[in-house]
2 protein chains.
Amino acid sequence: MTENTPFDLQNFLPYLLNQAAEESSLAFQQVYKDRYGMLRTEWRVLFHLGIYGRLTAKEIGERSKMHKTKISRAVARLADRRFLTREQDDRDRRLEYLELTASGRAAYGDLRGVAERYDAQLSETLSPDENRLLRQALQKLARMG
Amino acid sequence: MTENTPFDLQNFLPYLLNQAAEESSLAFQQVYKDRYGMLRTEWRVLFHLGIYGRLTAKEIGERSKMHKTKISRAVARLADRRFLTREQDDRDRRLEYLELTASGRAAYGDLRGVAERYDAQLSETLSPDENRLLRQALQKLARMG
DNA sequence: TGTTGTTAGTTACAAAATCAACCATTAACA
DNA sequence: TGTTAATGGTTGATTTTGTAACTAACAACA
């Protein structure tokens with residue numbers, strides 16, 4: 001007996017997740033790109049420092065799961081534009097502590113507000129139950145690795 | 001009064017969706033990459049043709065929301081490797097009908113099986129309710145555009 | 001017909017992501 | 001100590017993507 005049921009691509013989780021991720025990040029991307037000329041890697045580094053304060057590149061990598069070369073380049077660009085400062089650790093000179101400057105914090109505050117409003121707006125398209133379970137399920141999937 | 005609650009990055013939908021999408025597509029990517037040397041755009045084109053049969057690049061674009069240049073390049077590579085054939089429409093010579101070859105269908109069948117088993121495996125980490133609502137919510141988000 | 005506008009698909013070039021090799025520094029330990 | 005391994009971070013080469021401009025074919029309509 002041959003399998004004839006058509007495969008439902010729209011319901012294949014890796015595909016579906018990617019479609020949803022792409023669609024839902026478009027509007028936010030528009031903002032950090034147009035307003036600050038940032039890339040995805042850059043707003044992520046900015047947010048990590050905005051939220052957790054002083055961190056090393058390695059710590060950002062652990063929290064964000066971004067590859068270290070991405071982080072290295074994002075940090076370099078953010079430092080060029082004076083959004084953050086780098087300071088070497090005296091004890092272990094391989095380490096560099098990264099910290100937002102005043103304008104880095106301003107950009108973070110601005111984008112954070114945009115993010116909060118945008119997330120709320122996305123949430124409105126879902127019921128409270130959907131929202132709760134969606135986020136819970138996504139957390140599980142994201143933590144699988 | 002100043003806002004002091006820390007922003008919850010792990011709960012920001014565009015970020016969370018992206019993390020879940022990336023994590024959940026890793027294992028599948030390994031397969032189509034190692035087994036057939038394909039890129040994400042390529043397995044997607046392959047699947048569209050496997051599922052819907054003969055299609056033009058434009059139709060694939062409408063269904064997948066991929067940009068036409070991505071599709072053009074994916075089609076070129078798949079044609080090079082003899083996974084599909086291109087046939088010009090006599091009536092409108094701008095159109096090219098794409099169709100899987102025998103080995104294209106074989107690759108599709110193989111990867112489709114992998115995808116089905118993998119999706120089932122992902123589903124197991126979630127409760128039936130979570131699964132249903134997750135997919136429903138993702139569909140809504142993906143269709144927002 | 002001829003002109004103008006659209007459409008399907010490709011190509012060229014710039015921007016970005018990936019991967020491996022690379023420094024400099026610290027750790028481990030014979 | 002001296003040697004080897006591991007770590008934090010950067011760099012360079014290659015691959016992939018993104019953007020715009022392009023070609024060829026068709027459509028609309030004067």
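This structure is a prediction, so every number in the text was calculated from the model and none was measured. Within every chain, numbering begins at 1; the chains are lettered A, B, ... in the order of the sequence lines, protein sequences first and strands thereafter.
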Is B/Arg63 positioned over the aromatic face of B/Tyr52, cation under 6.0 angstrom from the ring centre and no more than 45 degrees off axis?
-> yes
Which comes earlier along DNA chain C counting from the 5' end, the contact point of A/Arg77 or that of A/Asp92, where each point is its nearest nucleotide?
-> A/Arg77
Mind calculating the distance between CD (A/Gln88) and C1' (D/dT10) to the nearest angstrom?
-> 13 Å
Report yes or no: is there a donor-acceptor pair, N or O only, under 3.5 Å between the side chain of A/Arg93 and the base of C/dT25?
-> no
Rounded to the Å, how far apart are A/Asp89 CG and D/dG8 P?
-> 12 Å
Examine the base of C/dT18 for any acceptor or donor lying under 3.5 Å from a partner atom in the side chain of A/Arg73, and report the outcome as yes or no.
-> yes
Which parts of residues 53-64 of chain B get close to DNA chain C, meaning a heavy atom less than 4.0 angstrom away?
-> B/Thr56, B/Ala57, B/Lys58
To the nearest angstrom, the CG-C1' distance between A/Asp90 and C/dA24 comes to 16 Å
Could you please spell out the steps behind the side chain to side chain donor-acceptor pair (under 3.5 Å) verdict for B/Arg135 and B/Ser123?
-> CA-CA 10 Å; B/Arg135 289 162 199 268; B/Ser123 298; 2.9 Å; yes
Under 3.5 Å, is there a donor-acceptor pair between the side chain of B/Gln121 and the main chain of B/Tyr118?
-> no
Using a cut-off of less than 4.0 Å, is there contact between a side-chain N or O of B/Ser72 and OP1 or OP2 of C/dT10?
-> yes
Using only heavy-atom distances, decide whether a donor-acceptor pair under 3.5 angstrom links the side-chain of A/Arg86 to the base of D/dG8.
-> no
Looking at C/dT25, C/dT11, D/dT19, which one has an atom nearest to any side-chain atom of A/Arg94?
-> C/dT25
List the steps and the verdict of side-chain contact (heavy atoms from CB on, under 4.5 Å) for A/Leu111 and A/Tyr36.
-> CA-CA 10 Å; A/Leu111 289 177; A/Tyr36 300 99; 3.8 Å; yes
Determine the sole option in B/Leu133, B/Leu16, B/Leu141 for which the side chain to side chain contact (heavy atoms under 4.5 Å, CB included) test with A/Leu134 is passed.
-> B/Leu141
Between atom NZ in B/Lys65 and atom P in D/dG18, what is the gap in whole Å?
-> 16 Å
A/Tyr15-A/Met144 co-clustered via ILVMFWY side chain contacts under 4.5 Å | yes
Atom pair distance, as rounded to whole Å: CZ in B/Arg40 and C1' in D/dT15 | 14 Å
For A/Leu39 and D/dG18, what is the distance between atoms CG and P respectively, to the nearest whole Å?
-> 12 Å
Stepwise, does the side-chain contact (heavy atoms from CB on, under 4.5 Å) test hold for B/Val75 with B/Leu84?
-> CA-CA 8 Å; B/Val75 166; B/Leu84 60 79; 4.1 Å; yes
Take atom NZ of B/Lys68 and atom C1' of D/dA24, then tell me their distance rounded to the nearest Å.
-> 12 Å
A/Lys70 NZ - D/dT10 P separation (whole Å) | 16 Å
Is any side-chain N or O of A/Lys33 closer than 4.0 Å to OP1 or OP2 of C/dA16?
-> no
